[in-house]
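Heads up: the structure comes next, in C-alpha cells.
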Amino acid sequence: MDRHTFSVLELTAFLERLSGYASCGPGVQWCRDLSPSSDVDDIEARLDLAFEAGRALAETGGPRLGALEDVTPLLERIRVEGTYLPVEDLGPVADLARISAEARSSFQRRSRDYPALAELTGRLGETPELVTEIETVIGPGNTVAEEASPALSRLRRRQRVLRGALREGLAALVREPHLRGAVQDEVVVERGGRYVVPIKAEASAQVPGIVHDRSQTKATVFVEPLEVVAQNNELNDCRRSVVEEEIRLLRRVAESIRRQTPTLTQNLAALGHLDGLTAVARFAKATGATRPEVAHNGPINLRAAVHPLLFWRRQDGGPPAQPIDLRMAVDEQVLILSGANAGGKTAALKTLGLITLMVQCGLPVPAVDGARVVVFREILAAGDEEQDLSGDRSTFSAHALRLAQVLAAAGDRSLVLLDELGAGTDPGEAAALGMAVLDELLAKGARVVVTTHLHMLKAYAAGTPGVVNVSVGRDDVAGRPSYALHYGLPGRSNALAVAAGLGLAPELIERARAYLPTGEEATWRLIVTLEEKLGQLEQAQAEVEQTRAETRAQRDRFSRAREKFAAARTRILDQERARARAAVSEAQAEVKRLLREARSVPADQTAVAETRRELGRIERKAEAVLRPPARPGPVGRALGSGRIGDPVFVPRLGKEGTLLDDVTGQERVEVLIDRVKVNLPTAELRPADSRGPTPRPARLTVTSRPATATELNLIGRRVDEALPLVDRYLDQALLSGLSRVEIIHGVGTGALRRAIHEHLTASPGVKSFGSPTARPGGMGVTVVDLE
C-alpha cells in the first residue's frame, strides 16, 4: 500500500484514535500497527474476529486485560545467562502468564459461541508452573519472600537474632553511668551498614572504637565500640548470605522465564490482538458501525456513511458529522465531484478512501446496514496540498509529480482519489491535463474519484462512458454544506455566494457578477433549474416508495386477517363436528342396546332386518354429514391473459366483472363489479365463459325494501351451513355499498350466535357488530357495521 495515501487520508490519525479504546499497552500497539490487506478471505477472517469480539463485549463484558503490560523489555534484559530481574519486575511477567491462562480457558469453554476467538486464544501457551514459581518468590513490599527457600528462611531468622542482640547491647552501653556525659543521644543508629552510637566529639576518647561518621556541625561522632565489632562483622556476613540466597532464587526464576520466553512473547502478541479486537468492538458500538459486504469488484455502496474523524470531532465539542451516500455502479469507473467551495467534496472523497482502508484493515464501517465495499490492491491519493517549499517546488510542480507517481502505480485493481485535479495552474491547461490523466486511468481499468471546479472536466464526464458527474449540495440559505450527493448532475462552484457568506462587501460581489461571461451565467442558471427538478423528482420518488410500502403493509394485513378467518372457521367447524359425533356415538350406543334387547324377545325377523338396514342408512348419512368438506379448488380454467375491458368471472363472489387493468405480469388487478372497483388477485379470476351453470342461490329472507337485502335469515341452519352464507352475503353487501346489515340467527342454544360472532371477528370489511338488546328478540339478531 502507498504510505503517502495513508497520510492524505489520515489513516494514521484514525488508528491513533482507535487505540484510545484499548485497555492495555499491547492492545494500543496492535491498533497502531494495523495495516490494510488486499486479500478478501483475510479481510473476512478479520471481520469475523472483530464482530465476535463485539458479541463477547455485549454478552460478557469482554476479556479483562487492563493489568497486562508489555514485558518485551524485561524479557530482553534477561536474554544473557546469569542475569535476573528485580522482584518488582516479576509481577508483570506473572500477570501475563495468569491472564493468558484465564483468556484461554474462558474462550475454550465457549468455543461454540465464539469459534474465531477460541481459535485465537487457543494459540496461548500454558505456563502454570511459571506463575507458581514467581508467586512463591514475591514477598510483601516487592521483597523476596522468606518462604522462597529453607536456606533464606534460616538466614533471615539468624539475621533478626543478631540484629536484636547487637542493638540491645549498644542500648545498654549508652545507658552506662560513666558515659552519661559523653553520649549525645541515647539511641542506636546505623552508618555504612554497621550499628554505632552518637558520642560528643570532645568525649570520643571515653568510648574506644572505630569512628564511622561525623555530623555536619562536627559536634557528634558516630563510634562503633570495640566490644561490638565482632557482632557487626557477624551481622554483615549474615546479610551477605541473605543477599546471595535472594540472588540465587531470582536467577532461578529468570532461567525459568528465559526458557518460556518464546511462549510469553507469543502470548503477549495474542493478548494484544484480543485487546485490539475489543477496542474495535467498542469503536463499532460508539459509532454504530456495521459489517460490510466485501468483494473483489462490482458496485460500491455506502449509505449514511460518516467520516470517523468527523464523528470524534463532535465528541471533542465540534459540530456533528453529516452522513453521506456514496455509490459507484458496476459500469461506473470515474466519479467527478463538483460543487461549491467548502461544500463537502473533499470530505466525500476522503470518507470513501478512509472507509475503504478501514475495511481492508478488517474494521467495521460507520454506515448503515447493507454497505458494500470493493477491495483494492492499491489505494492512491493525491491532494491539493502537495507543495514542498523545502524542495523548491510550486504547488503545481508537486501536484504533477504526485500524478506521475499515481499513474505509474495504478492498475485494474486500484482506487485513485484525486482532490482538485489540475490545481495550481491555468484552468484550460489544467482541464486538458486532467482529461488526459483520466483517459489513462480509464485505460488501466482503475476506479477513480475526482473533485474539481473545472467546467471542461464536468463536460468530459457528460460525454464519456463510465464517467459520472456528481453534484455536492450546499445549503445557500444556511451558508454551509448539505453533504447531499446528486448523481448525474454537475455542481456549481458558487464561489461568489461563498465569498459573500465569508464577509466580502455586497457591492464587490455585484461587481464580480458583472464580470461573469453571459454564457456562463446562463449555464449555471440552467444547472440550478436542473438541481431543483432533480430535488422534486427525488421527493416524488420517495413518496412513491412510501405509497408502495403502505400498500404492501395493507396487503399483508388483509392476508393475515384472511388467514385468521380461515383458522377460526376451521376451528368452529371442528368443534361442531366433534359435538355431532358425540351425539351420533351416543345414539349408536342406544340403538345397539335396543337391538340387544330385541334379540331376547321373539319378534318378526323380517321387521328386525328392515330396522337394521334403516339404521345403517341413517348411520351412513350421518357420517357423510360429519365428514370435513374438501377444500374447493379453483373453479374453471385459469385466466391466461386479458386486457382492459375484457369480461371475467369471479368464482369467490359468483359474479362477472370487467377488467380495469391488463393481466399480463400483474399479481393483482382491478375489476369493475356492479359499478364497484374491486382489487383482486389475478389467480382468482376466470374467463367469463368458464362460469358454468348458475349455482343454486342461498336461501335468503330479506325485508321488502326496494334497494338491496339488508337482512340474512339463518334460523334453522347448522353452523357449517350458516358460515358460508354469511361470507357470501357480506361480500354482496360490500359490493352493494351497504353500511349496516342484520343477521337473524335466533336465540336457541346460542351456539349459532357464538359461531357467527367469532366468524365476524376475522371477517374483512367488518367494522363492528353486536346484538340490539333494546329491541324485542334482540339476542336473536346481530347488527353488523361495514367499512
Side-chain angles (χ1 to χ4, degrees), residues 544 547-548 550-570 573 624 627-700 702 707-710 712 714 717 720-739 741 743 759-760 762-766 784 786-787:
V544 168
T547 302
R548 285 178 178 172
E550 292 172 353
T551 301
R552 284 194 294 268
Q554 189 173 5
R555 188 185 306 161
D556 291 342
R557 286 195 298 271
F558 176 75
S559 297
R560 287 194 296 271
R562 186 165 55 187
E563 291 170 2
K564 182 179 179 182
F565 158 72
R569 178 181 180 181
T570 301
L573 289 176
R627 189 179 302 115
R631 187 179 297 274
V635 178
R637 67 181 188 278
L639 184 67
S641 62
R643 296 188 176 185
I644 297 175
D646 288 353
V648 292
F649 175 60
V650 185
R652 181 159 62 89
L653 303 179
K655 287 182 174 289
E656 287 189 358
T658 303
L659 284 174
L660 299 179
D661 291 318
D662 286 343
V663 171
T664 305
Q666 301 293 326
E667 292 185 3
R668 302 182 69 88
V669 292
E670 284 195 342
V671 181
L672 184 66
I673 302 176
D674 292 341
R675 293 181 295 177
V676 176
K677 292 181 181 180
V678 183
N679 188 282
L680 295 169
T682 307
E684 290 189 8
L685 305 181
R686 298 291 178 266
D689 58 2
S690 66
R691 175 169 183 168
T694 303
R696 182 171 60 88
R699 185 175 54 159
L700 302 178
V702 299
T708 55
T710 59
L712 170 63
L714 298 175
R717 297 279 185 176
D720 57 344
E721 292 177 333
L723 295 183
L725 297 179
V726 170
D727 284 344
R728 192 178 307 164
Y729 175 66
L730 291 178
D731 286 342
Q732 293 172 350
L734 286 167
L735 289 172
S736 299
L738 296 178
S739 61
V741 296
I743 299 175
H759 189 67
L760 290 173
S763 296
V766 174
V784 183
L786 302 174
E787 294 181 346

What pair of heavy atoms forms the shortest contact from [X] to [Y], and how long is it?
X	Y	result
Q666	V669	CB-CG1, 3.8 Å
R686	P651	CG-CG, 3.8 Å
G657	I673	CA-CG1, 4.0 Å
K655	F649	O-CD1, 3.3 Å
L725	L712	O-CD2, 3.9 Å

In chain order, what residues pass the side-chain hydrogen bond (donor to acceptor under 3.5 Å, both in side chains) check against D661, with sequence neighbours excluded?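 None.
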By side-chain hydrogen bond (donor to acceptor under 3.5 Å, both in side chains) - contacts of N679 (at least two apart): R668
T682 side chain to V663 main-chain N or O, any donor-acceptor pair under 3.5 Å?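 Judged by distance alone, no pair lies under 3.5 Å.
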Among residues at least two apart in sequence or on other chains, which ones pass salt bridge (Lys or Arg N to Asp or Glu O under 4.0 Å) with E670?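 Partners of E670 by the salt bridge (Lys or Arg N to Asp or Glu O under 4.0 Å) criterion come out as none, since no residue qualifies.
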Once you round to the nearest 0.5 Å, how far does CD1 of I743 lie from OG1 of T710?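 Output value for this atom pair is 11.5 Å.
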Straight-line distance of D646 CG to T658 OG1, nearest 0.5 Å: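 The distance works out to 9.0 Å.
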Between I644 and D662, does the side-chain contact (heavy atoms from CB on, under 4.5 Å) criterion hold? Intermediate values first, please. CA-CA 5 Å; I644 297 175; D662 286 343; 3.6 Å; yes
Using the test side chain to side chain contact (heavy atoms under 4.5 Å, CB included), find all partners of V766 that sit at least two apart in sequence or belong to another chain.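 If we apply the side chain to side chain contact (heavy atoms under 4.5 Å, CB included) test to V766, skipping adjacent residues, the hits are L730, L760, S763, F769, V784, L786.
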Go through the steps for L660 and V671 under the test side-chain contact (heavy atoms from CB on, under 4.5 Å), then give the verdict. CA-CA 5 Å; L660 299 179; V671 181; over 6 Å; no
